[in-house]
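Down below is the structure, laid out as structure tokens.
Computed over heavy atoms, backbone and side chain alike; hydrogens, waters and symmetry mates excluded. The sequence lines fix the lettering, A, B, ..., with proteins before strands; numbering per chain opens at 1.
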Amino acid sequence: MKEQLHTQLTEAIGALLKEAGDAAEVPAFTLEVPRNTDHGDFACNAAMLLTKRLGKPPRDIAAALIERLGDADGLLEGTEVAGPGFLNLRLSTSHWRDLVLRIIQDGAIYGNNSAGVGKRVNVEFVSANPTGPLTVGHGRQAILGDVIARLLGASGWEVTREYYFNNGGRQMRVLGQSLKARYLEGLGKAAPPTPEMLDGSVEEWPETLDGLPVAFPNGGYQGNYLFEIAAELRETRGDELIEEDADGFFRLEAQGRIFTEIRKTLDSLDIQFDEYYNESSLYDEGKLDETLSDLREKSLVFEQEGATWLRATALGLDRDRVIIKGTGEPTYLFPDIAYHREKFRRGFDRIVDVQGADHIEQFPFVRLAVAQLGCDPERIELVMHQFVTITRGGEQVKQSTRRATYITIDDLVGEVGADVFRFFMIQRKAEGHLDFDLDLATSSDWKKNPAMYVQYAHARTCGIERKLEEQGKSMPEATEMDADRLVLPEEIELLKKLNEFPEVVARAAEGLSPHHVSYYLRELAGLWNPYIQDGSKHRILSDDEGLTAARIGLALAVRVVLCNGLKLLGVSAPEKM
RNA sequence: GGCCCUGUGGCCUAAUGGAUAAGGCGUUGGUUUUCGGAACCAAAGAUUGCAGGUUCGAGUCCUGCCAGGGUCACCA
């Protein structure tokens, strides 16, 4: 419908330009739903864009356009010139009549669009190293990535959700050492570090304490989960693992168990991945060597002080970076470049990386490096998100990774539930700081809790159907739902809101901005809850059968949109609360 | 110090370059005390951090400054 209007406008503008002897292309004008409802259902800015080319005042051009547009084949009921030269277009009533029926008929697919049909997108998110439980920061990323994937899916894209499993490097080695230390400590074969050593006030650690060696590495992982794994190992294996390698058995054991826990956590949030891309496969398949020699061919690699460097300054960046350490081990950056190149080779039209603010510095290096390898850098997009703070009782909860006093996703989901957790995590745009207010999330005053406010709006639409049943009446046929009977201002408001949904989805998907959807749902619920609340003003189930059918139609349409919207957010749409 | 992100009513925030900057929380004043179990209406509250610039038009884009956060590893 919007497309039709757009086409008609383009034709009218083209005709106008031709008349004026201007053969150039029609400029890209906007056709949008104005904030102010007095400005019609759509507003177009074309006239103002043409002032220079036509040398006429914008309002005159607008008037000429209106003349040529007419009623756009019955689509429009009113057109007018407004403000500095906007074209305000009002849709004919038949459109509103059709809307309710269309929503009900489309059902689960209402709101979808075809922007990405035939194209493939890769969304990489979480990608946490299995060194410990997922924290709240990972949680934000998990929900962001998942909802972005859902939005792109609703826009016709073929989506691959990917988790980059990065199990090489020093961190994992330290993890193995930490686990082995806990194991030995429990057997009385090693001494645990003192609290002073752990909190960083002792720089040089002693090799022994009370005659026992200190096995725990400086900077090791202090979380309780390692004690638990170690205890389990002692229970099942006794002391037979003493000779096992920290970087072998213990590292793999820790990695395996922790990753299992991570997947459990993700599962509890209803997040599944299509692909766990293993860093080590880049080594096994020679992708690193290949990338290195290709970069070398471009003179982007040099040796210095025993290490191999990427000449990033040649790409306009402010410093060069080591890609292979003096030890022969690659840094994080190197496989990451090869990895992104592989994403291109795997045939994705669009590559989306969801990353935390701490990772941001990495991105320009990867992007410019793969660009040198023949990949179109425009096709990689970064969704960067700031961190999450948690507030309880009006005070910020202190978090420290080093001391392992962080709050995990499991903690939080256990407290507020997956639905509230998900909704809260996409309430703000990604680049902004997010404060997770536990008092609000667990509040018994549910009206203040936006997740439940929206869910409740959905439950209420279902309540009407139950009520209908109680009264022993049957659901009216779709054809009886005559939206012409919906004439109250609040009903028109609702119809317009429902009409907006597909555009909200399209915009959120294109801009990789899930928060548009949560805002929209909050607004729709904000219209619907008061409407249904005040039964005296506009009863839905009344003696007037025609009106009843029309309002049931409205309720069903609202239900469809709330349900679809919540589904995009991965939040359940309960029929009863 | 370099680079990145963010500055919007008292608080939290929204706004594909569009018209009178939109919600929620809180505050104040009414209405309602009942349902289809989470009430409604109204009011107050803003120089969109500051100063320039770009143009028909800037919260949005550009430059400089100020403030907060992040990051500047042969960590990941």
A:Tyr339 OH to B:A76 P, straight-line distance once rounded to whole Å:
17 Å
With heavy atoms under 4.0 Å as the rule, sort A:Gly463 into base, sugar-phosphate or nothing.
nothing
In Watson-Crick or G-U wobble terms, both distances under 3.5 Å, what is the partner of B:U31?
B:A39
What's the closest nucleotide to the side chain of A:Lys52 if the choices are B:U55, B:A76, B:C74?
B:U55
Over-ring placement of A:Arg522 relative to A:Tyr453, 6.0 Å and 45° cut-offs:
yes
State plainly whether the residues A:Glu500 and A:Arg507 are in salt-bridge range, i.e. N to O under 4.0 Å.
no
Any strand is fair game: report the nucleotide pairing with B:C3 by Watson-Crick or G-U wobble, both distances under 3.5 Å, or none.
B:G70
Where do A:Arg367 and A:Asp353 land on the salt bridge (charged side-chain N to carboxylate O under 4.0 Å, His left out) test, with the steps shown first?
CA-CA 11 Å; A:Arg367 169 184 244 166; A:Asp353 283 9; over 6 Å; no
Mind checking who B:G59 pairs with, Watson-Crick or G-U wobble, both distances under 3.5 Å?
none
Can a donor-acceptor pair under 3.5 Å be found between the side-chain atoms of A:Gln362 and the base atoms of B:A76?
yes
Is A:Thr331 touching bases, backbone alone, or none of the nucleic acid, heavy atoms closer than 4.0 Å?
sugar-phosphate
How is A:Glu305 classified with respect to the nucleic acid when contacts are heavy atoms under 4.0 Å: base, sugar-phosphate, or nothing?
base
Start at the 5' end of RNA chain B and walk down; is the nucleotide closest to A:Leu333 or to A:Asn88 reached first?
A:Asn88
Using the P atom as the point on both nucleotides, what is the distance between B:U20 and B:G57, in whole Å?
14 Å
Touch class at under 4.0 angstrom, heavy-atom based, for A:Leu541 against every strand present:
base
Expressed as a whole number of angstroms, how long is the span from A:Glu523:CD to B:A22:P?
12 Å
Tell me whether the NZ or CZ atom of A:Arg460 lies within the 45° cone about the ring axis of A:Trp528 and under 6.0 Å from its centre.
no
Contact class for A:Thr308 vs. all strands (heavy atom < 4.0 Å): base, sugar-phosphate, or nothing?
nothing
Is there a side-chain contact between A:His516 and the phosphate of B:A15, meaning an N or O under 4.0 Å from OP1 or OP2?
yes
Closest to the side chain of A:Asp318, out of B:C56, B:G2, B:C75, is B:G2
Does the distance from a Lys or Arg side-chain N to an Asp or Glu carboxylate O, for A:Arg466 and A:Glu469, drop under 4.0 Å?
no
Would you mind classifying the nucleic acid contact of A:Ile324 as base, sugar-phosphate or nothing, using non-hydrogen atoms under 4.0 angstrom?
nothing
What does A:Arg319 touch in the nucleic acid at a heavy-atom separation under 4.0 angstrom: a base, only the sugar-phosphate, or nothing?
sugar-phosphate
Kindly confirm whether the side-chain ring of A:Phe86 is stacked on the base of B:A19, judged by centres under 5.5 Å and planes under 30°.
yes
Could you check how far CG of A:Asn45 sits from P of B:A58, rounded to whole Å?
15 Å
Would you mind reading off the distance between A:Asn529 atom CG and B:C35 atom C1', rounded to a whole angstrom?
14 Å
Thinking salt bridges, do A:Lys287 and A:Glu279 make one under a 4.0 Å N-O criterion?
no
Check for me whether the distance between the ring centres of A:Phe436 and A:Phe424 falls short of 6.0 Å.
yes
If you take any heavy atom closer than 4.0 Å to RNA chain B, which residues from residues 419-431 of chain A end up in contact?
A:Arg428, A:Lys429, A:Glu431
Among B:A73, B:A39, B:A19, which nucleotide sits nearest the side chain of A:Gln533?
B:A39
B:G69 pyrimidine/purine six-ring stacking with A:His433, under 5.5 Å and 30°
no
Please state the C1' separation for the pair B:G9 and B:U48 - nearest whole angstrom.
10 Å
Taking NE2 from A:His458 and C1' from B:G36, how many angstroms apart are they, rounded to a whole number?
15 Å
Against the side chain of A:Met48, the closest entry in B:C56, B:G36, B:C74 is B:C56
How is A:Ala307 classified with respect to the nucleic acid when contacts are heavy atoms under 4.0 Å: base, sugar-phosphate, or nothing?
base
Please state the P separation for the pair B:A46 and B:C3 - nearest whole angstrom.
36 Å
Using the C1' atom on both, measure B:A73 against B:A22 and round to a whole Å.
45 Å
Presence of A:Lys325 side-chain N/O under 4.0 Å of B:A76 phosphate oxygens OP1/OP2
yes
B:G30 to B:C12 separation - P atoms, rounded to the nearest Å:
30 Å
Could you work out the separation of B:G52 and B:G10 based on their C1' atoms and round it to a whole Å?
31 Å
Any strand counts, and the cut-off is 3.5 Å on both contacts for Watson-Crick or G-U wobble. Which nucleotide pairs with B:C25?
B:G10
Any N/O donor-acceptor pair, A:Asp358 side-chain to B:G70 base, under 3.5 Å:
no
Can you tell me how far C1' in B:C25 sits from the matching atom in B:A19, rounded to whole Å?
29 Å
Go ahead and name the base partner of B:C65; Watson-Crick or wobble counts if both distances stay under 3.5 Å, otherwise write none.
B:G49
For the pair made of CD in A:Glu490 and C1' in B:C41, what is the distance, rounded to whole Å?
13 Å
Write down the distance between CZ (A:Phe365) and P (B:C4), rounded to a whole number of angstrom.
12 Å
Find the distance A:Phe334:CZ to B:C75:P and express it as a whole number of Å.
15 Å
Quick check on B:A15: is either OP1 or OP2 less than 4.0 Å from any side-chain nitrogen or oxygen of A:His515?
yes
Mind checking the C1' distance from B:A43 to B:G7? Whole angstroms is fine.
29 Å
Quick check: A:His359 with A:Tyr332 (ring centres under 6.0 Å apart)?
yes
